[in-house]
Amino acid sequence: MKNLSIILNVVLLVAVAYLYVAHFSNSVEIKSAEAGDVNSEAFQNVSIAYINSDSLLTNYKLTEEIEQKLAEKQQKFEKEYQNRAQGLQQEINDFQRTAANLTVAQGKALEESLMQKQQNLMRYQESLTQQLRQEEAKLNEELYDKVSDYLKEYGKKNNLELVLTYSRGSGVLYANDQLDISKQVIEGLNEAYASDSTKTETEEKTAE
């Protein structure tokens with residue numbers, strides 16, 4: 001019976017570890033295509049530019065929104081899990097307190113029932129973790145699409161044939177700062193984000 005309580009505590013620790021995984025530990029891959037209206041002199045002989053992916057993920061407003069959504073979802077899942085885990089722990093405590101008054105058959109039946117509930121709790125925790133990962137993938141896909149679509153239009157306007165992403169530790173050891181269009185792209189993305197947000201708010205008010 002003591003083992004049951006110990007196992008549950010281990011499950012709780014594992015669950016918390018899973019649910020506190022940093023969802024942006026892997027930087028978003030941006031397979032962009034085009035970009036910028038700046039540093040025309042640098043582009044006279046080459047139609048290539050690059051974006052600092054770290055700067056983009058730090059300053060693009062949509063990234064902040066995604067992080068907030070994931071954090072809220074994570075907190076919701078953690079609360080749901082903790083409520084179930086605490087309820088099961090209380091049942092275990094009650095069982096241990098009253099075990100001496102039970103017959104062997106009753107004690108065995110209750111212990112088996114609690115073990116089954118513990119297994120169900122583990123499956124529930126795995127389900128929450130999977131849901132969180134799916135939500136992360138969905139939101140990251142949204143982020144990728146927004147950046148990609150913007151860069152396609154931006155590249156056409158500026159006759160760029162290729163836009164690369166650069167970050168510390170990547171395969172690029174050197175890049176001319178004049179070819180860095182991060183600032184211009186981030187500003188353009190944030191302007192589009194603000195416009196979309198305003199449009200969404202207007203539509204919601206109209207619907208009300």
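Excluded from the calculations below are hydrogen atoms, water molecules and symmetry mates; all remaining heavy atoms, backbone and side chain alike, are included.
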(message) When you measure from the side chain of Asp145 to the backbone of Asn140, do you find a donor-acceptor pair of N or O atoms at a distance under 3.5 Å?
(response) no

(request) Run the numbers on Glu126 and Gln130 for side-chain hydrogen bond (donor to acceptor under 3.5 Å, both in side chains), then give the verdict. (result) CA-CA 6 Å; Glu126 291 171 356; Gln130 183 63 27; over 6 Å; no

(message) Please enumerate all residues that pass side chain to side chain donor-acceptor pair (under 3.5 Å) together with Gln106, with sequence neighbours excluded.
(response) Thr103

(message) So, taking the atom named NZ in Lys69 and the one named CG in Leu139, what distance separates them when rounded to the nearest 0.5 Å?
(response) 6.0 Å

(request) Please report the C-alpha distance between Tyr60 and Thr58 in whole Å, then the side-chain angles of each, then the deciding distance to 0.1 Å, and finally whether the side chain to side chain contact (heavy atoms under 4.5 Å, CB included) criterion is met. (result) CA-CA 6 Å; Tyr60 184 18; Thr58 300; over 6 Å; no

(message) Just verifying a value: how many Å separate Asp149 CG and Lys152 NZ, rounded to the nearest 0.5 Å?
(response) 5.5 Å

(message) Could you tell me if the side chain of Leu56 sits less than 4.5 Å from the side chain of Leu189, heavy atoms only?
(response) yes

(message) Given 3.5 Å as the limit, does a donor-acceptor pair link the side chain of Ser113 with the main chain of Ala109, or not?
(response) no

(request) Over all heavy atoms of both residues, which pair between Leu88 and Gln118 is shortest? Give the atoms and the distance, please. (result) CD2-CA, 3.6 Å

(message) Within the 4.5 Å heavy-atom criterion, are Tyr124 and Leu128 side-chain neighbours or not?
(response) yes

(request) Evaluate salt bridge (Lys or Arg N to Asp or Glu O under 4.0 Å) for Glu187 paired with Lys183, printing each intermediate quantity in order. (result) CA-CA 6 Å; Glu187 288 176 352; Lys183 183 175 183 294; 2.7 Å; yes

(message) With a 4.0 Å cut-off on N to O distance, would you call Glu142 and Lys138 a salt bridge?
(response) no

(message) Is the shortest side-chain heavy-atom distance between Leu114 and Glu111 below 4.5 Å?
(response) no

(request) Go through Tyr81 and Leu121 one step at a time and tell me if the side chain to side chain contact (heavy atoms under 4.5 Å, CB included) criterion holds. (result) CA-CA 8 Å; Tyr81 176 84; Leu121 181 63; 3.6 Å; yes

(request) Would you tell me whether Tyr154 and Gln184 have side-chain atoms, one donor and one acceptor, within less than 3.5 Å of each other? (result) no

(message) Applying the side chain to side chain donor-acceptor pair (under 3.5 Å) criterion to Tyr193, which one of Glu65, Lys61, Glu64 satisfies it?
(response) Glu65

(message) Under 4.0 Å between a side-chain nitrogen and a carboxylate oxygen: does that hold for Glu80 and Lys76?
(response) yes

(message) Main chain of Asn52, side chain of Ser182: is a donor-acceptor contact present, judged purely on distance under 3.5 Å?
(response) yes

(message) What verdict does the side chain to side chain contact (heavy atoms under 4.5 Å, CB included) test give for Ser167 and Asp54, after you've listed the backbone C-alpha separation in whole Å, the side-chain angles of each residue and the deciding distance to 0.1 Å?
(response) CA-CA 6 Å; Ser167 62; Asp54 293 336; 3.6 Å; yes

(request) Look up atom CG in Leu162 and atom OG in Ser47, then write down how far apart they are to the nearest 0.5 Å. (result) 8.0 Å

(request) Evaluate side chain to side chain contact (heavy atoms under 4.5 Å, CB included) for Ile51 paired with Val163, printing each intermediate quantity in order. (result) CA-CA 7 Å; Ile51 295 175; Val163 170; 4.0 Å; yes

(request) Give, for atom CZ of Arg133 and atom CG of Leu70, the distance between the pair rounded to the nearest 0.5 Å. (result) 13.0 Å

(request) Check whether any side-chain heavy atom of Ile48 sits under 4.5 Å from a side-chain heavy atom of Leu160, and report yes or no. (result) no

(message) Is it the case that the side chains of Thr129 and Gln125 hold a donor-acceptor pair, with the cut-off being a distance below 3.5 Å and no angle test?
(response) yes

(request) Assess the side chains of Glu72 and Gln68: does a donor N or O sit below 3.5 Å from an acceptor N or O? (result) yes

(request) Answer yes or no: is there a side-chain heavy-atom contact under 4.5 Å between Leu102 and Phe95? (result) yes

(message) Taking the side chain as everything from C-beta on, heavy atoms only, tell me whether Leu57 gets closer than 4.5 Å to Leu143.
(response) yes

(message) Are the side chains of Asp177 and Tyr50 in contact, using a 4.5 Å heavy-atom criterion?
(response) yes

(message) With no hydrogens and no angle check, just 3.5 Å: does a side-chain donor-acceptor pair link Gln131 and Ser127?
(response) yes

(message) Among Gln89, Gln90, Glu91, exactly one meets side chain to side chain donor-acceptor pair (under 3.5 Å) together with Asn93. Which residue is that?
(response) Gln89

(request) Would you indicate whether the side-chain heavy atoms of Asn83 and Lys79 approach each other to under 4.5 Å? (result) yes

(request) Enter the distance from Arg97:CZ to Ile92:CD1 here, rounded to the nearest 0.5 Å. (result) 12.5 Å

